[in-house]
There are 2 protein chains.
Amino acid sequence: MSNAEVLPLLGPAADQGVTPCCPPLTERPMTAEEAETAARMFKALGDPVRLRLFSAVASHEGGEACVCDISDVGVSQPTVSHHLKKLKEAGLLTSERRGTWVYYRVEPSVLAAMGRLLVPSAAA
Amino acid sequence: MSNAEVLPLLGPAADQGVTPCCPPLTERPMTAEEAETAARMFKALGDPVRLRLFSAVASHEGGEACVCDISDVGVSQPTVSHHLKKLKEAGLLTSERRGTWVYYRVEPSVLAAMGRLLVPSAAA
DNA sequence: TAGCTGGTTCGACATGTGTCAACATAGACG
DNA sequence: CGTCTATGTTGACACATGTCGAACCAGCTA
């Protein structure tokens, strides 16, 4: 799966990192479509193992980490791979193979978009 | 169920609304316990119906809303009640009966704690 | 070519989750 | 008291999800 196929949570101007998918939760009731889109992000982080994996990547130096650096979360290696794939499908991570190892990297604009959903004062 | 039974996502100083359950996701890898706690929040918002209900309450004037005001989300009434209970168990909402109607209210400090998880720059 | 290591995919299973119809409960109002 | 309306609870069901072992693929090294 290429990384370009999955980036569901940003608006058309996602490249500039300024257009969240939806207004803050407290601004107005979300539409069904907005909720569908945003729920996919929250769902991706709604598992303890995925949250640890994501945090491990996000806090790693350079914002990227090899699978081998973060796979010590108490589940089998196929399960780690499964969860990383889920995070990738949610648009939260991208992956790249460099030689023997595969590196995962956070998608900063998506993270910021999620933050804006929750913290109205952080909006422009 | 009383409201006091469920407030899983804030630290000991939750009353002051200043102690999130966990550091920002990008600061350091989360521990298993932190991830367990935080994942419960994200999971609660990881369903489109719950997200719409939560957004409806959060955006309602006064930060609270009667069930009758927000139950138009395309699912049956028992399902609405079920989802509101989930949001309550996650500590995101509290409820109070006033006469005939039941009012739900957002827990602002929990919302802010979630925001801090995602937006490191918003931390103190 | 063969073998080794890191990572993903497959197949199967148990558990969790969203949903509804039916029933139960809490107040209001007569 | 009885009845009506507004919510919550129960039970059942279909479906999604987390997990693992086994098999598979990609690149390195000999």
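To find a chain, count down the sequence lines: A is the first, B the second, and so on, and within it residues start at 1. When reading the values below, keep in mind they use all heavy atoms of this one structure, side chains included, and skip hydrogens, waters and symmetry mates.
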Can you sort out the partners of B:Arg52 under side-chain hydrogen bond (donor to acceptor under 3.5 Å, both in side chains), two or more places apart, ordered by chain and number? none
Scanning both residues in full, the closest heavy-atom pair of B:Leu87 with B:Ala44 reads CD2-O, 3.8 Å
For nucleotides 12-17 of chain C, tabulate all protein N/O to nucleotide N/O atom pairs closer than 3.5 Å, reporting atom names and distance.
| unit_1 | atom_1 | unit_2 | atom_2 | d |
| --- | --- | --- | --- | --- |
| C:dT17 | OP1 | B:Lys43 | NZ | 2.9 |

Under the salt bridge (Lys or Arg N to Asp or Glu O under 4.0 Å) test, residues paired with B:Arg97 that sit two or more places apart: none
Going by the rule side chain to side chain contact (heavy atoms under 4.5 Å, CB included), which residues pair with B:Lys43 if we only count those two or more places apart in sequence or in a different chain? none
Excluding sequence neighbours, so at least two apart, what forms side chain to side chain contact (heavy atoms under 4.5 Å, CB included) with B:Glu27? B:Pro23, B:Pro24
So, does A:His83 get its side chain near the phosphate of D:dT19, meaning an N or O under 4.0 Å from OP1 or OP2? yes
Between C1' on D:dA16 and CZ on A:Arg40, what's the gap in Å once rounded to a whole number? 15 Å
Decide side chain to side chain contact (heavy atoms under 4.5 Å, CB included) for A:Thr26 and B:Leu111; before the verdict, give the C-alpha distance in whole Å, the side-chain angles of both, and the deciding distance to 0.1 Å. CA-CA 10 Å; A:Thr26 56; B:Leu111 193 62; 3.9 Å; yes
Does B:Ser81 have any side-chain hydrogen bond (donor to acceptor under 3.5 Å, both in side chains) partners at least two apart in sequence or in another chain, and if so, which? none
When rounded to whole Å, the CG to P distance for the pair A:Leu84 and C:dG6 reads 16 Å
What is the distance, to the nearest angstrom, from the CD atom on A:Glu96 to the P atom on C:dT8? 13 Å
Rounded to whole Å, CD of A:Glu36 lies from C1' of D:dA16 at a distance of 14 Å
Test: salt bridge (Lys or Arg N to Asp or Glu O under 4.0 Å). Region: residues 64-73 of chain B. Which pairs qualify, not counting sequence neighbours? B:Glu64-B:Arg98, B:Glu64-B:Arg105
When the distance from CZ of A:Arg52 to P of D:dG18 is rounded to whole Å, what number comes out? 16 Å
I want to check one thing: is the phosphate of C:dG6, taken as OP1 and OP2, less than 4.0 Å away from some side-chain N or O of A:Tyr103? no
Can you list everything that forms a side chain to side chain contact (heavy atoms under 4.5 Å, CB included) with B:Thr100? Sequence neighbours excluded, please. none
Expressed as a whole number of angstroms, how long is the span from B:Leu93:CG to D:dT7:P? 15 Å
Between protein and nucleic acid, restricted to nucleotides 27-30 of chain C and to nitrogen or oxygen atoms under 3.5 Å apart, what atom pairs and distances do you find?
none

Phosphate OP1/OP2 of D:dG27: any A:Trp101 side-chain N/O under 4.0 Å: no
Could you list by number each residue of residues 64-80 of chain B showing a heavy-atom separation from DNA chain D of less than 4.0 Å, or answer none if no residue does? B:Cys66, B:Val67, B:Cys68, B:Gln77, B:Pro78
Partners of A:Ser76 by side chain to side chain contact (heavy atoms under 4.5 Å, CB included), sequence neighbours excluded? A:Pro78, A:Thr79
Contacts of type side-chain hydrogen bond (donor to acceptor under 3.5 Å, both in side chains), residue B:His83, not counting sequence neighbours: B:Arg50
